Amino acid sequence: MSKKLIAIMLTVAVALSLGLAGCAKKPAGVGDLAKDQTLRFNVGAEPETLDPALQTGIPEFNIGSQMYEGLTRMDGNNKPYAGVAEKWDISSDNLKYTFHLRKNAKWSNGDPVTAKDFEWSWKRALDPRTGSQYAYQLYYIKGGKTLNEVDAKDEAKIKQLSDALGVKATDDYTLEVTLEAPTPYFLGLTSFPTLYPVHRAEVEKFADKWATKPEQFVTNGPFKMTKWVNNQVIEMEKSKTYWDAKNVPLKKLMIYLIDDQNTGLTMWESGQTDLDNNVPVQEIDRLKKEGKLTTLPYLGTYYYSFNVTKKPFDDPRVRKAFAMAIDRKLITDQILKDGRLPAYAFVCPGIPDTEAGKDFRAVGGDYFKEDIEAAKKLLADAGYKDMKKFPSFEIIYNSSASHKAIAEAIQEMWSKNLGIPKEKVKLHVEEWKVYLETRDAHNFQVARAGWIGDYVDPMTFMDMFVTNGGNNDTTYSNPKFDELINTAKMSADPKVRMQAMHDAEKILIGDDMVVAPIYYYVSNWLMKPYVKGLAINTIGGVDFKNAWIEKH
Amino acid sequence: MARYILQRVFAAFVALWILTTVTFVLMHAIPGGPFTRERNVPEAVMRNIEAKYHLDDPLWQQYLDYLGGVVRFDLGPSFKFQGQTVNDFIRRGFPVSAELGIISIILSMAIGIPVGIISALRQNKWQDNVTMLVAIIGVSVPSFIIAPLLMYVFALKLRWLPPAMWGSWRQVIMPAVALALLPLATFSRLMRSSMLDVISQDYIKTARAKGLSELAVTWRHAVKNAVMPIVTYLGPLIAAILTGTFIIEQIFAIPGLGRQFVWSVNNRDYTTILGLTIFYGAFLLLMNLVVDIIYGFLDPRIQIAGRKD
Amino acid sequence: MKAMSVANGVNPGVFGPVPENAFEHVGPAPEEQNLIVRPPTTYWQDAWRRLKKNFLAMCGLYVIILFIALAIFGPMLTGYTYFGQVLTDANKAPSLAHWFGTDHLGRDELTRVLYGARISLSIGIVASVINLAVGALYGGISGLVGGRTDNVMMRIVDIIYGIPLQLVVILLMVVMGSGLLNIYVALGLVYWLGMARIVRGQVLALKEQEFVLAARMVGADQRRLLLRHLIPNAMGPIIVTLTLSIPQAIFTEAWLSFIGLGVAAPQASWGVLASEGVGGLRSYPWQTFFPAAAISLTMLAFNFLGDGLRDALDPRLRR
């Protein structure tokens with residue numbers, strides 16, 4: 001079957017499922033809709049910027065995704081579906097994507113959204129003078145990384161590489177994208193904020209102030225911003241120019257910017273907001289008992305990093321022993337209490353494997369078991385027969401109540417289970433940025449860490465541990481692992497790719513235990529029962545395009 | 001007097017410059033920069049980002065550039081909040097923090113000072129002991145406990161007040177009360193203690209012996225002399241409270257300067273750290289000058305300017 | 001103002017040169033000339049005598065002594081350790097087994113509160129010492145000397161007031177690591193500013209009063225003037241400032257610990273216990289209540305004692 005046919009079928013399938021979903025979601029009679037179609041959502045922070053190219057955090061993404069639309073949008077099952085692009089073709093070598101844009105897509109000022117807008121916006125995001133911190137989401141495009149890494153002062157070079165970049169608007173409604181290597185998750189990435197189009201005339205006219213004022217803010221999504229009261233609320237109304245406006249039930253969005261979790265909870269419980277996803281850990285037990293908590297899967301793993309070049313954790317047997325001596329179930333059930341799962345591997349569940357319906361985690365399975373006796377034996381093999389003589393070491397974590405609770409629990413478990421004197425397992429808390437610098441400088445023995453996927457593919461977890469990887473704080477370096485990651489990155493065959501990543505994960509955890517996985521994340525939501533039709537994906541995004549307020 | 005004020009203003013500018021310099025050195029000395037994040041970007045990209053904000057210039061040049069801006073009342077762009085300037089933060093945040101602060105201070109003085117006077121006049125009687133108890137609880141239970149408690153009771157259980165945010169007078173009540181507790185307790189204790197000092201002095205006894213009523217004595221002599229420590233305390237308090245307090249603003253989601261300032265330190269938002277420090281410092285220096293001038297009015301014998309022998 | 005300029009002279013020989021042996025001493029020895037106090041009971045003995053008569057103040061003192069004793073011996077008597085976790089017993093309400101309930105890791109809250117007293121009481125004491133030793137003295141000198149010195153000394157106070165404490169704290173943490181000693185250092189840097197301002201203001205007013213003039217006339221030097229005449233007369237505001245600043249120090253410690261300067265977990269002070277509990281205020285109120293109550297009780301005791309001390313130390317009330 002040709003790729004083109006698959007693409008078309010996919011589009012049709014998505015369109016169909018949407019249509020069906022639309023029937024199910026959209027109430028048959030207006031009677032089921034509440035009169036006031038206003039959704040009040042606490043996003044949990046003042047956005048640092050509303051410029052999609054510069055955004056780095058979940059709150060910004062969740063504000064942006066209501067106002068903007070990329071080539072695709074992502075549904076609640078992490079599946080990309082047609083956005084500004086009506087359909088697309090993928091070449092047989094998986095390197096060339098041709099997007100066909102819908103002709104009725106419009107900016108909020110009435111201008112048409114064209115392929116040239118995308119080309120310009122993507123080049124802008126990669127332009128070193130823009131200073132985007134998430135530009136690496138565009139590195140899959142041919143020449144993307146090279147362009148982004150040019151010296152910002154070298155304007156001739158920027159122009160030259162920018163012209164050569166693998167993205168081209170062949171006409172107003174056709175966008176051709178050439179990739180560096182086959183990237184199965186590229187379609188999903190086109191729904192990501194860094195790849196949104198921005199309105200060129202506006203950006204050029206207002207320069208770096210363009211995204212700060214609603215009256216001059218031109219967007220292309222289902223909603224448009226009408227008001228931004230800093231540190232308080234962003235108000236949006238349904239955009240009349242949005243191509244699919246007839247399928248957007250909500251009339252108004254009130255996006256609250258409250259960062260104190262307990263205050264957010266009080267707002268929600270007293271009926272001032274309808275939706276919030278920043279739930280204080282200590283209230284989870286009560287909220288669960290009162291039936292107020294909705295827990296959804298989240299693409300992330302919480303783990304403890306070992307510095308593999310510092311004693312005593314330079315020995316894989318020691319690392320394994322320590323990983324095996326943590327009682328994860330106690331941590332998830334007694335401290336966190338929201339049903340998150342103990343982790344015995346690095347890649348979290350919720351990422352599809354090659355075979356339809358199979359999950360990467362289920363195929364890979366667990367790579368170790370908790371076993372205190374076996375752990376003690378491993379330590380004895382490593383030369384630590386009398387644990388009273390085990391060298392003292394330090395666990396670092398950043399200032400936060402829940403990180404602290406987990407660190408205290410693990411300290412106690414390691415001390416008790418392995419027989420290490422308590423004073424030899426030290427805890428050290430550091431302020432967030434100090435902690436980041438300490439980790440970057442590899443100046444630790446054990447460090448608390450967490451990783452949230454950028455896209456729905458095991459690669460977002462795996463490639464951080466390659467030799468000298470930018471986020472490889474463990475100083476781990478294993479040529480076999482590097483080679484497997486490289487194979488996975490270059491291969492066009494999904495089977496070969498997935499197998500390489502399974503093999504790499506086996507080395508990372510099963511053989512070398514570079515990190516001790518603790519648990520897989522979940523995301524906790526406070527939702528009023530009358531809020532319907534939300535699309536919440538597992539990388540933290542929520543989309544209100546098809547949401548509505550049911551009569552209550 | 002004019003000469004003295006001139007001297008003080010000059011000293012204030014010197015102090016402000018030292019404050020700026022020390023803060024500049026401190027914030028560059030601590031680990032982490034505005035773009036330190038959990039996800040690292042390639043080094044070449046980081047260099048470009050830093051170049052965009054002139055963070056690649058030598059430190060002395062950044063320092064001079066910054067001072068140049070300050071002289072022109074331009075506190076620079078925020079590194080964290082794109083497209084916004086520190087001047088924007090002050091223009092938006094200061095009126096909010098100041099409004100809340102003024103209400104709190106008025107509230108705390110209006111209650112604290114009379115309470116202090118009453119407990120002094122009724123020393124060791126039940127009125128004194130009850131106010132003492134309340135004052136102690138006021139200072140020992142910090143705002144991070146009081147504020148959520150108020151919110152729980154009045155917003156969630158009784159539903160009398162909106163839980164948080166800023167805009168209507170009903171949203172001012174809880175934060176103003178929570179913020180007023182500590183100065184209220186301090187005012188009442190300071191007032192009580194000063195009153196006790198004054199009451200025992202001979203001229204008060206004389207006045208009383210002359211047959212002046214107790215109330216008249218209190219007003220005419222004692223209060224006027226007892227407000228010295230209150231005024232001293234008030235100077236830095238006004239500067240601190242009017243430029244915003246983090247905990248109250250955080251808990252009640254108030255868009256003031258206090259929150260902005262703590263965020264700026266957490267984020268290493270260099271320009272914002274410096275800008276808000278200078279703003280607060282200037283305010284503080286001004287208030288303390290005002291306090292010293294008030295000293296002279298309260299007690300003409302005080303010569304802050306020093307004497308010529 | 002003439003008399004004052006005389007009194008202000010640093011040189012005691014204001015009446016011009018007199019031959020050293022022109023007169024013979026008939027009164028007290030020259031070195032005792034300045035002593036205007038009654039020799040048998042010293043100032044401090046007298047103060048203590050009067051303090052003992054003050055019932056509430058003595059109650060305060062006994063409560064503080066009791067708390068110190070509990071801090072030292074209490075953690076050994078509860079049958080639990082401050083670090084021993086039973087995760088399956090997390091967040092249990094107060095009961096016979098756990099009088100103060102348990103925390104989020106199933107540790108005995110009573111033991112943790114008792115252990116926390118060690119840290120928090122020491123913080124309170126250190127903060128008091130800094131307030132008195134640095135703040136009162138600094139402010140006193142500034143006010144007494146006055147003029148340009150006062151301007152410089154007070155601008156230094158303003159500068160320290162203005163420097164963002166969090167920056168200093170982070171730097172301290174990076175340079176010196178964490179630990180109780182570093183908390184003391186951080187407090188030492190800032191916990192005397194308010195006191196210095198209050199004392200300076202009082203001294204400015206007091207030094208123009210008649211009794212100071214009198215003391216000067218008999219030749220009391222600056223040091224004696226400050227320590228024996230000015231500061232004792234400013235005791236009221238000093239004690240109030242002191243007692244009100246202790247809880248601030250105790251809570252500042254919690255914040256410093258959160259950033260990373262304090263004692264390492266699982267050790268915890270009252271401030272840390274209260275601030276960690278407050279997140280679960282609605283579900284597990286006892287986790288906030290007991291440490292907060294401990295702080296309040298201590299402060300109450302300090303205040304009764306402080307008020308008693310104020311009365312006892314007041315020179316005007318001496319009989």
Side-chain angles (χ1 to χ4, degrees), chain A residues 260-263 265-266 269 279-290 326-337 394-413 415-416 422-423 425-435 437-438 441 443, chain C residues 81-93 102-107 112 164-179 182-183 254-268 272-288:
Chain A
D260 189 277
Q261 294 187 341
N262 281 296
T263 305
L265 174 61
T266 310
E269 287 199 287
V279 187
V281 183
Q282 281 148 305
E283 297 289 348
I284 280 178
D285 209 23
R286 173 178 70 85
L287 291 167
K288 209 169 61 182
K289 280 181 190 140
E290 293 173 2
I326 299 170
D327 190 338
R328 291 164 179 76
K329 197 117 181 61
L330 270 181
I331 293 176
T332 54
D333 289 357
Q334 301 297 331
I335 302 178
L336 302 160
K337 303 180 179 189
E394 198 174 71
I395 303 170
I396 64 162
Y397 62 96
N398 58 296
S399 308
S400 133
S402 59
H403 296 328
K404 183 178 177 185
I406 292 167
E408 289 185 270
I410 287 178
Q411 176 193 39
E412 178 90 346
M413 287 170 186
S415 156
K416 218 189 249 166
K422 218 187 71 68
E423 61 277 8
V425 189
K426 292 180 195 136
L427 293 185
H428 182 55
V429 57
E430 288 187 339
E431 188 253 7
W432 174 242
K433 293 228 171 184
V434 177
Y435 152 88
E437 295 271 323
T438 310
N443 193 12
Chain C
T81 59
Y82 70 90
F83 52 83
Q85 303 172 6
V86 183
L87 284 173
T88 43
D89 280 347
N91 299 319
K92 290 274 182 291
T102 63
D103 74 353
H104 57 296
L105 294 175
R107 294 174 293 204
R112 287 180 67 75
L165 183 58
Q166 200 176 341
L167 293 180
V168 181
V169 168
I170 292 170
L171 189 70
L172 270 180
M173 189 198 90
V174 174
V175 175
M176 312 195 345
S178 52
N182 299 341
I183 295 261
W255 172 70
L256 296 176
S257 294
F258 185 73
I259 298 178
L261 195 67
V263 293
Q267 297 178 67
V272 170
L273 290 175
S275 59
E276 281 183 359
V278 85
L281 193 59
R282 288 182 223 169
S283 300
Y284 323 112
W286 61 90
Q287 292 174 358
T288 314

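Throughout, a chain's letter reflects where its sequence line sits, starting with A, and its residues are numbered from 1. Computed from a prediction, not measured in an experiment: that's the story for all the values here.
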Nearest heavy-atom pair of C:Ala265 and A:Gln411: which atoms, and what distance?
-> O-NE2, 4.0 Å

Side chain from CB out, backbone as N, CA, C, O: work out which of these in A:Ser415 comes under 4.5 Å of a heavy atom of chain C, or both, or neither.
-> neither

For C:Pro266 and A:Lys422, the nearest pair of non-hydrogen atoms, with its separation, is CG-NZ, 3.8 Å

Closest non-hydrogen atoms of A:Val434 and C:Met173, given as atom of the first, atom of the second and distance, are CG1-CE, 3.6 Å

Give, for atom CD1 of A:Ile335 and atom CD of C:Gln85, the distance between the pair rounded to the nearest 0.5 Å.
-> 7.0 Å

Closest non-hydrogen atom pair between A:Leu427 and C:Ala264, with its separation | O-CB, 3.4 Å

C:Leu105 versus chain A, heavy atoms under 4.5 Å apart: side chain, backbone, both or neither?
-> side chain

Give the intermediate values and the outcome of side chain to side chain contact (heavy atoms under 4.5 Å, CB included) for residues C:Arg107 and A:Glu408.
-> CA-CA 11 Å; C:Arg107 294 174 293 204; A:Glu408 289 185 270; 2.6 Å; yes

Which of the residues C:Gly280, C:Ser257, C:Gly277, C:Gly279 is involved in the greatest number of heavy-atom pairs with chain A at under 4.5 angstrom?
-> C:Gly279

Any chance you could lay out the side chain to side chain contact (heavy atoms under 4.5 Å, CB included) test for A:Met413 and C:Leu87, step after step, and finish with the verdict?
-> CA-CA 11 Å; A:Met413 287 170 186; C:Leu87 284 173; 3.8 Å; yes

Side chain, backbone, both or neither: which part of A:Lys289 has an atom under 4.5 Å from a heavy atom of chain C?
-> neither

Measure C:Leu281 against the heavy atoms of chain A and call it side chain, backbone, both or neither at under 4.5 Å.
-> backbone

Identify which part of A:Lys426 has an atom lying under 4.5 Å from any heavy atom of chain C, answering side chain, backbone, both or neither.
-> neither

Relative to chain A, which segment of C:Ile170 carries a heavy atom at a distance below 4.5 Å: side chain, backbone, both, or neither?
-> side chain

side-chain hydrogen bond (donor to acceptor under 3.5 Å, both in side chains) partners for C:Ser275, two or more places apart | none

For C:Ser283 and A:Gln282, which heavy atoms make the closest approach, and how far apart are they?
-> OG-O, 3.9 Å

Is it the side chain or the backbone of C:Val86 that comes within 4.5 Å of chain A heavy atoms, both, or neither?
-> neither

OG1 on C:Thr88 to CG on A:Asp333, rounded to 0.5 Å | 11.0 Å

Which region of A:Thr438, side chain (C-beta onward) or backbone (N, CA, C, O), has a non-hydrogen atom less than 4.5 Å from a non-hydrogen atom of chain C, or is it both or neither?
-> neither

Tell me, out of A:His428, A:Lys433, A:Gln334, who's got the most heavy-atom pairs with chain C below 4.5 Å.
-> A:Gln334

What salt bridge (Lys or Arg N to Asp or Glu O under 4.0 Å) pairs are there with at least one residue in residues 272-285 of chain C, not counting sequence neighbours?
-> A:Glu269-C:Arg282, A:Lys404-C:Glu276

Pick one of side chain, backbone, both or neither for C:Phe83, based on which atoms fall under 4.5 Å of a heavy atom in chain A.
-> both

In sequence, state the C-alpha distance, the side-chain angles, and the governing distance for A:Asp285 and C:Asn91, and then conclude on side chain to side chain contact (heavy atoms under 4.5 Å, CB included).
-> CA-CA 10 Å; A:Asp285 209 23; C:Asn91 299 319; 5.7 Å; no

